[in-house]
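Note that the structure is predicted; figures quoted are calculated from it, not measured. One-based numbering, in listed order, for ligands and for the atoms of each. By convention here, the first residue in the shown sequence is residue 1.
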Amino acid sequence: MRKLCLILGDQLDRDSALFKDFDPEQDKLWMAEVHEESTHVWSHKQRITLFLSAMRHFAADLEEKGLPLDYLQLGKHGFSTLADALADTLQHEKPQEVWLVRPGDYRVLGNLFKACRDHNVLLRQLTDKHFLSTPTEFKHWAGEKQPRMEFWYRELRKRYSILMTKDGKPVGGKWNYDHDNRGAFPKTGPANLPSPPDPVTDEVTQAVIATVEEHFPNHPGTLDSFQWPVTPQQAEAVLQRFLDHVLPDFGQYQDAMWTGQPFLFHSLIASSLNLKLLNPLMVIQQAEARYHNREAPLAAVEGFIRQILGWREYVRGLYWQQMPAWYSMNTLEAERDLPAFYWTGETEMTCLRESIGQTLTHGYAHHIQRLMVTGLFAQLYGTNPQQVHEWYLAVYVDAVEWVELPNTLGMSQYADGGVMASKPYIASGNYINKMSNYCKHCRFKPAQSTGDDACPFTTLFWDFLDRHEARFSGHPRMGFMLKNLQRKSSDEREAIREQAIQFFAAQNQQ
Ligand code: FAD
Ligand code: SF4
């Protein structure tokens with residue numbers, strides 16, 4: 001055999017660089033379903049189902065095209081890790097080289113490299129053409145400076161000529177319409193909500209669901225409501241639903257939340273992008289066309305494109321720039337265990353109950369729920385950031401480490417001390433009250449920091465500032481919050497500390 005070409009579960013790209021110069025006479029494709037990829041973090045059943053079903057559909061496409069493929073199916077082989085499965089193939093097939101598109105996970109890359117090295121086979125890493133920039137370009141661009149998303153986004157807008165005028169200016173005169181994109185719903189709630197995408201569960205997915213129930217019965221989440229696209233055609237249908245019915249309202253309500261409404265005006269395409277069922281440039285160009293055709297306002301279209309061309313490319317660049325150091329960073333020395341209710345949703349705090357509840361039901365929560373509810377609470381509580389990272393990697397259908405880890409350890413937990421976010425994303429319960437109706441259905445009062453009805457977010461917000469006062473004094477963007485803390489009397493501050501201690505103690509007993 002000349003080369004063995006590995007395809008991982010998040011590399012289901014029909015245009016992958018692996019297919020260039022692939023010769024079916026002397027090369028072979030290789031895919032494997034192994035236990036470890038679902039158990040190294042305690043993966044949600046829908047996440048496992050999505051990956052396995054999409055892999056099996058992809059394998060069926062390859063076979064239909066007559067391409068030679070070794071597919072190791074869960075339950076039909078005895079290897080628990082990718083490295084063990086690969087080692088066995090290397091021993092028996094003796095390829096001259098192993099080819100692999102850069103994986104989405106540093107751990108996987110290391111394990112596969114080691115397996116090849118142990119068998120004296122060269123592992124050749126190919127550029128992932130799915131992305132619009134490469135880690136090397138990002139590294140050169142970032143240099144020694146602290147890279148900020150906004151400037152990488154502008155680079156890529158210019159490079160791909162997205163929302164640009166002929167003379168090289170941003171369409172509309174501004175690069176960023178974020179300030180127009182922070183609306184809450186009126187008191188009556190969201191109007192004209194589009195219905196969610198139709199679930200499609202074919203025979204392949206049904207078989208995978210049975211496998212997941214058999215092999216991973218105690219994993220979090222339920223499979224009753226599985227609805228995620230597992231083929232490019234299904235992913236395209238979800239994208240078209242978004243472009244036709246949701247995009248015009250995307251920006252305005254991007255940060256808003258509402259009880260019983262898990263999807264609101266979001267696109268639901270992250271899992272399809274991350275498994276490479278959708279191509280990001282196609283998605284961006286289709287969204288841009290909706291603006292030029294006057295079907296969606298500029299603020300909504302720019303806001304959506306910024307998420308994909310800006311944030312998605314930026315976090316990937318940062319991931320490869322910062323790994324492996326990022327794994328273990330814990331600047332705020334946060335050491336509490338993740339509260340048990342993150343795995344059950346059983347808590348009196350409505351905002352957390354709703355956000356975690358829909359996560360367990362659908363494997364999905366939107367960005368502000370991840371950042372300003374579950375992420376915010378974990379940070380204010382002083383949760384060990386590696387435990388928070390493992391939770392996010394486990395419970396979301398779109399979770400792949402290159403995108404999950406920077407968002408969790410960097411943006412949400414400030415574990416990296418400012419590599420990604422210039423300051424901690426912290427707020428009291430008042431923010432959640434402003435952006436949702438959760439507090440109206442909660443036994444706590446968002447404005448109260450002490451007493452029986454005190455909102456735990458508000459108590460812990462002040463307690464966080466109190467705990468980290470010295471660390472952040474002099475931080476240019478934390479001055480306002482610290483001044484507000486310093487306006488409180490010493491009695492008030494002591495009462496907040498006492499309330500927080502009682503809250504921590506109560507959590508420990510649960
Ligand atoms: P929309 O809100 O419709 O946004 C459109 C697209 O933009 C998304 O599909 C996604 O591809 C991209 N996008 C938006 N925000 C980001 C971002 N911050 N970083 C990278 N891409 C972004 N996203 C993941 O894809 N996988 C993860 O594992 C993941 N973990 C996260 C963990 C935390 C703590 C936080 C705060 C955010 C995380 N995100 C992650 C980013 C974001 O929350 C999700 O991409 C988004 O909620 C997915 O839903 P959607 O497809 O409906 O996105
Ligand atoms: Fe969450 Fe506090 Fe509002 Fe309750 S009052 S929903 S705990 S922010």
Check: [X] N/O within less than 3.5 Å of ligand 1 N/O:
X      : result
Trp311 : no
Val403 : no
Met411 : no
Phe304 : no
His266 : yes
Ser412 : no
His366 : no

Exercise. With backbone taken as N, CA, C and O and side chain as the heavy atoms from C-beta onward, which portion of Tyr364 lies under 4.0 Å from ligand 1: side chain, backbone, both, or neither?
Worked result: side chain

Can you find a non-hydrogen atom of [X] under 4.0 Å from ligand 1?
X      : value
Phe250 : yes
Tyr396 : no
Ala365 : yes

Please determine if [X] and [Y] form a salt bridge, counting it only when a charged side-chain N lies under 4.0 Å from a carboxylate O.
X      : Y      : answer
Glu37  : Arg47  : no
Asp466 : Arg493 : yes
Glu137 : Arg159 : yes

Hey, do the aromatic rings of [X] and [Y] have their centres closer than 6.0 Å?
X      : Y      : answer
Tyr314 : Trp152 : no
Tyr253 : Trp258 : no
Tyr425 : Tyr414 : no
His266 : Tyr364 : no

[X] side chain to [Y] side chain, donor-acceptor N/O pair below 3.5 angstrom:
X      : Y      : result
Asn274 : Arg312 : yes
Tyr438 : Thr259 : no
Tyr319 : Glu401 : yes

Nearest-contact summary for [atom] - protein heavy atom, Å:
atom                    : result
atom 53 (O) of ligand 1 : Ser267 OG, 3.8 Å
atom 6 (S) of ligand 2  : Cys351 N, 3.5 Å
atom 31 (C) of ligand 1 : Asn407 CB, 3.6 Å
atom 2 (Fe) of ligand 2 : Cys455 SG, 2.4 Å
atom 8 (C) of ligand 1  : Ala270 CB, 4.0 Å
atom 5 (S) of ligand 2  : Phe444 O, 3.4 Å
atom 27 (C) of ligand 1 : Asp398 OD1, 3.3 Å
atom 47 (O) of ligand 1 : His367 N, 3.3 Å

Problem set entry | Sole residue of Met349, Arg353, Glu348 in side chain to side chain contact (heavy atoms under 4.5 Å, CB included) with Phe341 | Met349

For ligand 1, which atoms have a heavy atom of [X] less than 4.0 angstrom away?
X      : answer
Leu273 : 11 (O)
Asn274 : 24 (C), 25 (O), 26 (N)
Ile308 : 6 (C), 7 (O)
Thr408 : 32 (C), 34 (C)

For this session: Determine, considering heavy atoms only, which of Arg306, Arg370, Gln307 sits nearest to atom 15 (N) of ligand 1.
Result: Gln307

Exercise. Which of these, Glu354, Met349, His441, has its nearest heavy atom closest to atom 7 (S) of ligand 2?
Worked result: Met349

Exercise. Please walk me through it: do Phe265 and His366 pass ring pair (Phe, Tyr, Trp, His ring centres under 6.0 Å)?
Worked result: CA-CA 10 Å; Phe265 294 97; His366 68 72; over 10 Å; no

For this session: Find out whether the Lys NZ or Arg CZ of Arg102 is both under 6.0 angstrom from the six-membered ring centre of Trp320 and within 45° of the ring's axis.
Result: yes

Exercise. His475 side chain to Ser422 main-chain N or O, any donor-acceptor pair under 3.5 Å?
Worked result: yes

Problem set entry | Asn176 side chain vs Asp178 backbone, donor-acceptor pair below 3.5 Å | yes

Exercise. Would one find an N, O or S atom of Cys439, in either backbone or side chain, under 2.8 Å from atom 1 (Fe) of ligand 2?
Worked result: no

Exercise. Backbone, side chain, both or neither: what part of Cys442 comes under 4.0 angstrom of ligand 2, heavy atoms only?
Worked result: side chain

Problem set entry | Distance, nearest 0.5 Å, that separates CG of Leu318 from CH2 of Trp311 | 9.0 Å

